[in-house]
Amino acid sequence: MEIELSLLYEVLHTKLPVVGCIMGYIFRFITMCCILVALLSFSLFKKYYLLKQLDMWLTYGLLMWAFMLDIISIVLLISSDWILAAHIQSTKSRFFKKRRWSRAVSQLNFITCYVNDYPNLLKEVADILRIRGLLEDIKGIRCLSSKNFKEDPEWRFIFEEVKELNVFLNSKMAAPSQTVLDTKQVWLYSRERVLQGFTNSNELIKIVEELDYTKSVLTWHIATELCFQGVDQTSPSRKGSTSHREFCKLLSDYMFYLLVMQPAIMAAVSVSWKKVFEETLAETTLYVRRSSISNDEDAREKILQLIPNFRNPERDINRSVLFAASELAKQLKKTNSTPWEQMSKVWVHLMCFAAMNCRPHVHAQQPSKGGELLTFVWLLMNHLGLGTHFSSHY
């Protein structure tokens, strides 16, 4: 996958399609010949130019530098992935083992970053100066971190889950009249599939059935954080779930990061995101202040104990997902002794839906910015034929 995205990067973001063709080679040769002729002509006829010593050496330097740049560009062209791939036959070559993606996955957490809010005075000043948005951006950047994505077993888990999703959607399209699924159908079918894996799936479905995509991501993100903290990893029933627990946390913080810090990537699925986020943050902040919470751990415990009659009368409670997240976390703690594997499937489902609804030109821009895990998932899904299941955006 890394090699394929590297090839796409060279085609979309470099001059390789131009310089790598026959005409490109011809013009490259002509350019080098012109520089050499200029250098040779200057060295033969410099005595006629009556140049000062400094000017003469500057001219030599510029001509030599131009020649060296051409040599460097030729070396880069020869060593490009397109050229090497065309001449390498064995898959055991070092070319196929070279890492092209840092495997760094950006992380952002709702409770850690946003629950401990700025003082009221500072926010009032920011409102007067109309820089409240800048203040929130600074907070997000300050809380940003990254984790290393492991190719095995994490990528293998995603691959297997995407394969199962492909089989499941193909089964839904078995009817002659159902040749393609619209976005809403894909969302409902895939959500139904992952939730059925929980022992108390009916209770979970009741909580999330009315939530759209952005509300679902924020709800599952907060619920994952509430479940993640305070788990006794020394318990025999928990030891086998550590890798899934860490993977679930990684995807949860990554998807929240995309919604907050990469709105262009998530634009197709985040229509109501800003309002949902603001209302949830306002309700969470009010609850934290009323409960005299001083740190993140206390905040998680209090949110988990949230009661239905707590509401912020000044906000639109229909948009906030704080209570839904608290109820979801309670139900998840009641389910299987190790629910992390199934929760990881939920996060892969949420990530796949975002990947396939993201505009292709947005994915095409990501290799020039270092690459995103979401783009790798999008490429994998297209290889497995999942792109044909959507009747919108494509």
Okay, side chain of [X], backbone of [Y]: is any donor-acceptor separation there less than 3.5 Å?
{"X": "His349", "Y": "Glu161", "answer": "no"}
{"X": "Gln107", "Y": "Tyr257", "answer": "no"}
{"X": "Tyr254", "Y": "Leu374", "answer": "yes"}
{"X": "Ser41", "Y": "Ala38", "answer": "no"}
{"X": "Thr280", "Y": "Val276", "answer": "yes"}
{"X": "Ser344", "Y": "His244", "answer": "yes"}
{"X": "Arg245", "Y": "Phe228", "answer": "yes"}

* Sole candidate of Val269, Val194, Val217 that passes side chain to side chain contact (heavy atoms under 4.5 Å, CB included) when paired with Leu350 ->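 Testing Leu350 for a side chain to side chain contact (heavy atoms under 4.5 Å, CB included) against Val269, Val194, Val217 leaves exactly one candidate, Val217.
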* side chain to side chain contact (heavy atoms under 4.5 Å, CB included), paired with Trp65, selected from Leu69, Leu63, Leu62 ->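 Only one option passes, and that is Leu69.
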Does a sphere of radius 6.0 Å around [atom1] in [X] hold more than 12 heavy atoms from other residues, nucleotides or ligands, not counting ones at 6.0 Å or beyond?
{"X": "Phe29", "atom1": "CZ", "result": "no"}
{"X": "Ile71", "atom1": "CD1", "result": "yes"}
{"X": "Tyr60", "atom1": "OH", "result": "yes"}

* To do: Please step through side-chain contact (heavy atoms from CB on, under 4.5 Å) for the pair Phe110 and Thr284, ending with a clear verdict.
  => CA-CA 10 Å; Phe110 175 78; Thr284 306; 3.7 Å; yes
* Dump the intermediate steps for side-chain hydrogen bond (donor to acceptor under 3.5 Å, both in side chains) on Glu283 and Ser320, then the final yes or no. => CA-CA 7 Å; Glu283 190 169 23; Ser320 174; 2.3 Å; yes
* Could you give me the CA-CA distance, side-chain angles and deciding distance for Ser272 and Asp212, then say whether side-chain hydrogen bond (donor to acceptor under 3.5 Å, both in side chains) is met? => CA-CA 9 Å; Ser272 60; Asp212 60 17; 3.2 Å; yes
* Asked: Going through the checks in order, is the side-chain contact (heavy atoms from CB on, under 4.5 Å) test met by Ile158 and Met351?
  -> CA-CA 10 Å; Ile158 292 175; Met351 184 168 59; 3.8 Å; yes
Validation row: [X], [Y] side chains within 4.5 angstrom (heavy atoms):
{"X": "Trp155", "Y": "Leu380", "result": "yes"}
{"X": "Met343", "Y": "Phe198", "result": "yes"}
{"X": "Phe256", "Y": "Asn109", "result": "no"}

* Fit a plane to each ring of Phe277 and Trp273, take the angle between them on a 0 to 90° scale, and name the class: parallel (under 30°), tilted (30 to 60°) or perpendicular (over 60°). =>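 Phe277 and Trp273: parallel rings.
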* Relative to the ring of Phe149, is the ring of Phe247 parallel (under 30°), tilted (30 to 60°) or perpendicular (over 60°)? ->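 Because their plane-to-plane angle lies in the 30° to 60° range, the rings of Phe247 and Phe149 count as tilted.
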* Could you give me the CA-CA distance, side-chain angles and deciding distance for Val348 and Leu251, then say whether side-chain contact (heavy atoms from CB on, under 4.5 Å) is met? => CA-CA 8 Å; Val348 173; Leu251 291 186; 3.9 Å; yes
* So, Arg193 and Glu164, do they make that salt bridge, N to O below 4.0 Å? ->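 A salt bridge links Arg193 with Glu164.
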* May I ask you to decide whether Glu327 forms a salt bridge with Lys330, counting only side-chain N to carboxylate O separations under 4.0 Å? =>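 Looking at Lys330 together with Glu327, the answer is yes, because their closest N to O distance falls below 4.0 Å.
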* Pair Val377-Glu372, side-chain contact (heavy atoms from CB on, under 4.5 Å): steps then yes or no -> CA-CA 9 Å; Val377 174; Glu372 285 285 356; over 6 Å; no
* Asked: What distance separates Leu281 CG from Leu286 CG, expressed to the nearest 0.5 Å?
  ->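 The distance works out to 11.0 Å.
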* **Approximate separation, where rounding is to 0.5 Å, of Glu203 CD and Leu332 CG** =>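 Those atoms lie 11.5 Å apart.
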* **Evaluation steps, side-chain hydrogen bond (donor to acceptor under 3.5 Å, both in side chains), between Ser73 and Arg28** => CA-CA 9 Å; Ser73 65; Arg28 177 67 64 189; 3.2 Å; yes
